[in-house]
Undergrad: 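The structure's right below; bear with me while I get my questions together.
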2 protein chains.
Amino acid sequence: MNIQFKKGVLELCALTLLAKKNRYGYELVNEISKNISISEGTIYPLLRRLKNDGYVTTYLEESKEGAPRKYYQLTETGKKMEKELREEWLIFVKKVNSFLKGGVKNE
Amino acid sequence: MNIQFKKGVLELCALTLLAKKNRYGYELVNEISKNISISEGTIYPLLRRLKNDGYVTTYLEESKEGAPRKYYQLTETGKKMEKELREEWLIFVKKVNSFLKGGVKNE
DNA sequence: TATAAATACCTTGCAATGTATAATACCTTG
DNA sequence: CAAGGTATTATACATTGCAAGGTATTTATA
């Protein structure tokens with residue numbers, strides 16, 4: 001899969017999944033991997049960015065299956081960001097598709 | 001507009017426009033800019049990459065309106081690439097949209 | 001003639017972000 | 001206690017878009 005397509009979209013995917021419920025990093029990797037190939041080395045730095053930017057907060061919880069899990073929870077800013085990014089994405093896709101269909105305006 | 005969304009997509013846009021007819025760099029900047037904000041500093045390096053990778057060939061033509069124009073022409077490899085990238089893009093969009101609609105499989 | 005503006009091309013350094021790889025740590029099972 | 005799955009983190013790297021700046025040509029303006 002084209003690596004470049006993913007840039008910026010993974011953030012949207014992560015925010016979207018977190019908008020439904022709190023999840024831990026490893027879980028996000030697995031969920032996203034079902035549709036888009038992705039590795040751990042991608043998600044964890046992304047989650048740290050989201051936290052640094054104030055879009056999520058984190059808390060630890062024990063797990064019966066291994067190491068403790070760090071859960072990520074959207075902040076209000078994060079929820080707002082999720083909506084904005086989603087809208088931007090839909091507009092962007094429309095514009096690109098208008099190219100593919102040969103319909104460049106004013107030509 | 002989100003910069004990251006553009007990654008890789010601009011290449012597809014350029015290839016798509018070139019699939020219709022040969023164009024010069026400055027023209028591509030203007031055409032793409034009608035839909036997606038883009039600067040010359042993005043297109044010229046991109047076109048050089050396309051040439052280095054064998055997707056386009058170039059030739060010069062005089063212009064009455066300014067400096068000579070460097071036209072870009074798709075090679076056979078370039079045409080193939082355009083199709084592939086287009087298909088990859090459409091598949092990718094579908095996958096992302098399946099996230100946005102909340103329909104992550106196997107959940 | 002000189003100056004400005006538009007056209008057209010190119011280069012450099014930077015920022016953002018995905019990847020590969022490895023290290024660390026926890027827990028369960030044999 | 002060693003092995004392997006679970007889970008997080010860190011580092012070095014590659015790609016690509018952007019801003020800023022530069023060059024050259026033509027035409028219009030002063």
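On a predicted model such as this, the values are computed, not experimentally measured, just so you know. Letters A, B, ... are given to chains in the order of the sequence lines, protein chains preceding strands, and every chain is numbered from 1.
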Undergrad: Let me spell it out: for each of A:Ala67 and A:Pro45, pick the nucleotide of DNA chain C with the closest heavy atom. Which residue's pick is nearer the 5' end?
TA: A:Pro45

Undergrad: Provide, to the nearest angstrom, the distance between the OH atom belonging to A:Tyr72 and the P atom belonging to D:dT8.
TA: 6 Å

Undergrad: Given that B:Glu40 and B:Arg49 both sit by DNA chain D, which one's nearest nucleotide is further toward the 5' end?
TA: B:Arg49

Undergrad: Do the side-chain N and O atoms of B:Thr57 and B:Lys51 include a donor-acceptor pair separated by under 3.5 angstrom?
TA: no

Undergrad: Please determine, for C:dT28, whether a Watson-Crick or G-U wobble partner exists with both distances under 3.5 Å, and give it or none.
TA: D:dA3

Undergrad: Could you please name the option among D:dA19, D:dG17, C:dG18 that lies closest to any side-chain atom of B:Ser39?
TA: D:dA19

Undergrad: Return the 5'-most residue of the pair B:Asn2, B:Tyr26 with respect to DNA chain C, ranking by each residue's nearest nucleotide.
TA: B:Tyr26

Undergrad: Under 4.0 Å between a side-chain N or O of A:Lys64 and OP1 or OP2 of D:dT6?
TA: no

Undergrad: D:dT6 phosphate, OP1 or OP2: any side-chain N/O from A:Ser63 under 4.0 angstrom?
TA: no

Undergrad: OP1 or OP2 of C:dC9 sitting under 4.0 Å from any side-chain N/O of B:Tyr44?
TA: yes

Undergrad: Is the distance from OP1 or OP2 of C:dT19 to the nearest side-chain N or O of A:Lys7 less than 4.0 Å?
TA: no

Undergrad: Could you tell me which non-hydrogen atom of A:Ala67 sits nearest to which non-hydrogen atom of A:Ser63, and how far apart they are?
TA: O-CB, 3.7 Å

Undergrad: Would you call B:Glu82 and B:Lys79 a salt bridge, taking side-chain N to carboxylate O under 4.0 Å as the test?
TA: no

Undergrad: Taking atom types as modelled and ignoring hydrogens, do the side chains of B:Trp89 and A:Asn97 form a donor-acceptor contact shorter than 3.5 angstrom?
TA: yes

Undergrad: Would you classify A:Gly25 as touching base, sugar-phosphate or nothing, given that sugar-phosphate means primed atoms plus P, OP1 and OP2, and contacts are heavy atoms under 4.0 Å?
TA: sugar-phosphate

Undergrad: Is the distance from OP1 or OP2 of C:dT11 to the nearest side-chain N or O of B:Arg48 less than 4.0 Å?
TA: yes

Undergrad: If you look at every strand shown and take non-hydrogen atoms under 4.0 Å, does B:Ser37 touch a base, only sugar-phosphate, or nothing?
TA: sugar-phosphate

